[in-house]
Structure formats: C-alpha cells, structure tokens
Amino acid sequence: MTHPLLRVQDLRVSYRTPAGDLPAVDGVSFSLAQGQALGLVGESGAGKSTIALALMRLLPRNVAQLEGEVELEGAALLSLPDEAFRREVRWRKIAMVFQAAQEAFNPVLRIGDQVTEPMIVLGGMSKAEARAEALRLLDLVRLPGEVFQRYPHELSGGMKQRAVIAMALALKPKLLLLDEPTSALDVTVQAQIMDQLKDLKRDLGLSVIFITHDIALASDICDTLGVMYAGKLAELGPAEAVLARPQHPYTRLLLASLPRLAQERPPQFIPGIPPDLRAPPSGCRFHPRCPQAFERCSREEPPLLAVGEGHTSRCWLAEGPGSSRRGTPE
Ligand SMILES: Nc1ncnc2c1ncn2[C@@H]1O[C@H](COP(=O)(O)OP(=O)(O)O)[C@@H](O)[C@H]1O
Ligand SMILES: [Mg+2]
C-alpha cells in the first residue's frame, strides 16, 4: 500500500496565555496525496496558520501542547528530534510561504542574495551553483533574471510574492504550505499568482496546502477543501462536493457571503463573531451563530459525520437516514 504524502491525525495545539490555555487546533485530521492541493478555509482565528506552523515546526514559544500524529511519506514527523527535522524536513521536504511574507524581505539585500541564501546555507551549494539555480527558479515563477540584482523596494507586491514562492521552492520541497499567499495583492495580481501556483503544482507534481479566508480563491486550486471553525474541521471533502453540496451551515454561510453577479439577493454576512477558544460554547461550537441550530446542538458536540464519498460534516443535520435530504438548503 502506498502512503499519502502527508497524514495528520488528531492534531492538537494550544497556546499558553495569561487568561489560560487556548486550544487553537483541537483534533484536526486529514491526509494529502502527492500532487494534490488541500484548502484550509475559514475566518481569522480558526487555527489555519497554527496547523501550518506546526507542520513546519515553527510554532511560537508559548505553545503549551502539541499532540497528535503527523506522517510524511509514512515517516513520523512529530517525534523527530529538532536537529533531524531541521536537517531533513524543513525547507527540503516541507516549505512554507508565510502570511505577509512579501514584506519580510531584508530591505538592504538584493533579491538574488536572499533567494540563494538557503541554497548555500542549507543546501550546501557553491555561490555559482546557487546563482544558476536561483535564475532557474525566477524563470519558473516568471520573473526576469534581472530581478536577481534588484532590491526589494524596486519590485511590485506581486513580483515580491513570486520571489518569495521561488525562495520556498529552493530546496525542491514536495509539500508547499501557502498561508494567505495573495491576500495583500490586488485582484488582477492575485489571479496571476493563482495561475502560477496551478502551473507549479502541475509541472512539479507539488502537493499544496492552501490557507485562506476566501473559499472562492481556495476552490480555484484545491482538490480537497477543509472548512475550519474555532480550531476544528467543520467540513472536509472533495472541493466540487463541498462547493456544490455544502453540508455544514457554516460552509453554506461562507459560500452565501460571496458576491455573485447572477444572484437576486445581496451577499449575506455571517452574523456574530467566532468564540473565545478559552471558553468555547457548549455542544457544537458554531451553534450560537447557526441559523439551523436546534436543542441538541447546544448540548452535544457533533462528530464529523459522513455525508458523501470522502465528504464529512461536523453537524447533527448530517445524522441518520435521509440526512442528505435534510442537509440540503430549503
Ligand atoms: N502565539 C500565540 N499565543 C496565543 N494565542 C495565539 C497565538 N497565535 C495564535 N493564537 C490564537 O490561536 C487561534 C488560532 O490562530 P491562527 O492559527 O493564527 O488562526 P488563523 O490562521 O485561522 O487566523 C486564535 O484564537 C489566535 O488568537
Ligand atoms: Mg492565519
């Protein structure tokens, strides 16, 4: 049997805060095949970045708990000593484009020196080898070679973001984590970067975890969608199924909040705000904001229930025979 590229089982991460421990990721499981893209979507604070930082082992210092299983090509990752993780995994097998990364370039160093640094320091390449490789990567992300000589302030936001993606690919990772990679860019540039990412995924057979608050954007590149709410997956399934037959009321609200030209009604806003994770609501965490909540929802937390082939929803509406009928909007 072949392993998926990545398997995450019951991942739990909590942060220590002055007001008590905050469970940011609370039992998240998914797997990702080689060459596939998984989208993690949901409002700010859902725990999306925490998942990516846990996979890169770059969590902030105030982590109180990190538990669960993470396997990359069948090998356990969480138990790997730091030194081995740094030597073998980070940037070489799993790379990440951080939220707002295009603003993180050192302003006094040329782009070329910043792109070649990981190849020289981590990859053991000579300066000349690294330069040749950097030019290849710049070309791969459709940046002209002259960018190598430029300083960050001489590039547009979109060019900087391409350079960041080139840097993340420097050590030929199999898995690329993209955390809100286009959020700071205007819509046209965003569309160009998305096309670029789709090409890279196809041409390099790259696996991708695409993190965004924008479910429409995620649907553009993702094979699978995971909708996160308050540290948990609310819904997980094939992207077409989640978009065409969303089962969790939260997913439906996320989709209804998208502006659509051919729609009679204006986009809906999701009422309320996500809960304080230090004192989450009883039962289903979404119930205080859910238009379809009933009595059981405030008492008992639903598990992820099967609603279709590889498609699950953490909602009591999905339970029992006839659930698929009950689960569709009226
Ligand atoms: N270093 C930290 N210390 C305490 N709480 C944190 C820290 N980082 C993130 N959080 C909290 O963890 C939760 C999840 O955050 P995050 O993973 O950044 O979510 P997302 O990326 O979905 O916006 C939020 O409630 C956030 O405030
Ligand atoms: Mg985030």
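Counting starts at 1 for both ligands and their atoms, in listed order. In this chain, residues are counted from 1 in sequence order.
- Note: no N/O pair closer than 3.5 Å links Leu277 and ligand 1 by distance alone.
- Using a distance-only test at 3.5 Å, with no hydrogens or angles considered, a donor-acceptor pair links the side chain of Gln34 to the main chain of Gly205.
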Residue pair Arg245, Glu240: steps toward the salt bridge (charged side-chain N to carboxylate O under 4.0 Å, His left out) verdict: CA-CA 8 Å; Arg245 293 180 298 284; Glu240 323 83 68; over 6 Å; no

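- Using a 4.0 Å cut-off between charged nitrogen and carboxylate oxygen, Arg136 and Asp139 do not count as a salt-bridge pair.
- Close approach of ligand 1 to Ala24 is summarised as follows: ligand atoms under 4.0 Å from at least one heavy atom of the residue are 12 (O), 13 (C), 14 (C).
- Atoms of ligand 1 found under 4.0 Å from any heavy atom of Ala46 (numbered from 1 in listed order, with element): 19 (O), 20 (P), 22 (O).
- For ligand 1, the polar-atom distance check against Gly45 finds a nitrogen or oxygen pair separated by under 3.5 Å.
- Counting only N and O atoms by type, the side chains of Gln114 and Tyr151 include no donor and acceptor under 3.5 Å apart.
- Regarding atom 18 (O) of ligand 1, its nearest protein heavy-atom neighbour is Ser49 CB, 3.8 Å.
- Ligand 1 has no N or O atom lying under 3.5 Å from any N or O atom of Thr17, backbone or side chain.
- Remark: atom 2 (C) of ligand 1 lies closer than 4.0 Å to at least one protein heavy atom.
- Of the protein's heavy atoms, Thr50 OG1, 3.6 Å lies nearest to atom 16 (P) of ligand 1.
- Interface of Ser44 with ligand 1, defined as ligand atoms under 4.0 Å from a residue heavy atom, comprises 23 (O).
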Worked check of salt bridge (charged side-chain N to carboxylate O under 4.0 Å, His left out) between Lys201 and Asp223: CA-CA 11 Å; Lys201 173 179 175 250; Asp223 306 283; 3.1 Å; yes

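- Annotation: atom 19 (O) of ligand 1 to nearest protein heavy atom, Gly47 N, 3.1 Å.
- Using modelled atom types, one finds no donor on one side chain facing an acceptor on the other under 3.5 Å when comparing Thr182 with Gln161.
- Residues Ile211 and Pro181 come closest through the heavy atom pair O-CD, 3.9 Å.
- Checked for salt-bridge contact, Lys48 and Glu43 miss the test: no charged N lies under 4.0 Å from a carboxylate O.
- Summary of contacts: the protein heavy atom closest to atom 27 (O) of ligand 1 is Leu22 CD1, 4.9 Å.
- Taken from CG in Leu155 to CD1 in Ile111, the straight-line distance is 4.5 Å, to the nearest 0.5 Å.
- Shown in contact with Pro60 at under 4.0 Å from a heavy atom are these atoms of ligand 1, numbered in order with element: 1 (N).
- Ion pairing between Arg12 and Asp26 holds under the 4.0 Å rule for side-chain N and carboxylate O.
- Proximity of Ile51 to ligand 1, defined as any heavy-atom pair under 4.0 Å, is not found for any part of the residue.
- Applying the 4.0 Å criterion to heavy atoms of Asn62 picks out, from ligand 1, the atoms 1 (N), 2 (C), 3 (N), 4 (C).
- An N or O contact shorter than 3.5 Å links Lys48 to ligand 1 by distance.
- In terms of polar-atom proximity, defined here as any N/O pair under 3.5 Å, Gln99 makes no such contact with ligand 1.
- The backbone N or O of Glu300 sits less than 3.5 Å from a side-chain atom of Trp316, completing a donor-acceptor pair.
- Using bins of under 30°, 30° to 60° and over 60° for the plane-to-plane angle, the ring pair Phe286/Tyr229 lands in the perpendicular bin.
- Here the protein heavy atom with the shortest distance to atom 5 (N) of ligand 1 is Tyr15 CD1, 3.5 Å.
- With respect to Glu235 and Arg314, no salt bridge is recorded, no charged nitrogen being found less than 4.0 Å from a carboxylate O.
- In this structure a side-chain-to-backbone donor-acceptor pair under 3.5 Å is present from Gln196 to Leu140.
- Protein N/O/S atoms found under 2.8 Å from the Mg ion (ligand 2), listed by chain and residue number: Ser49 OG, Gln99 OE1.
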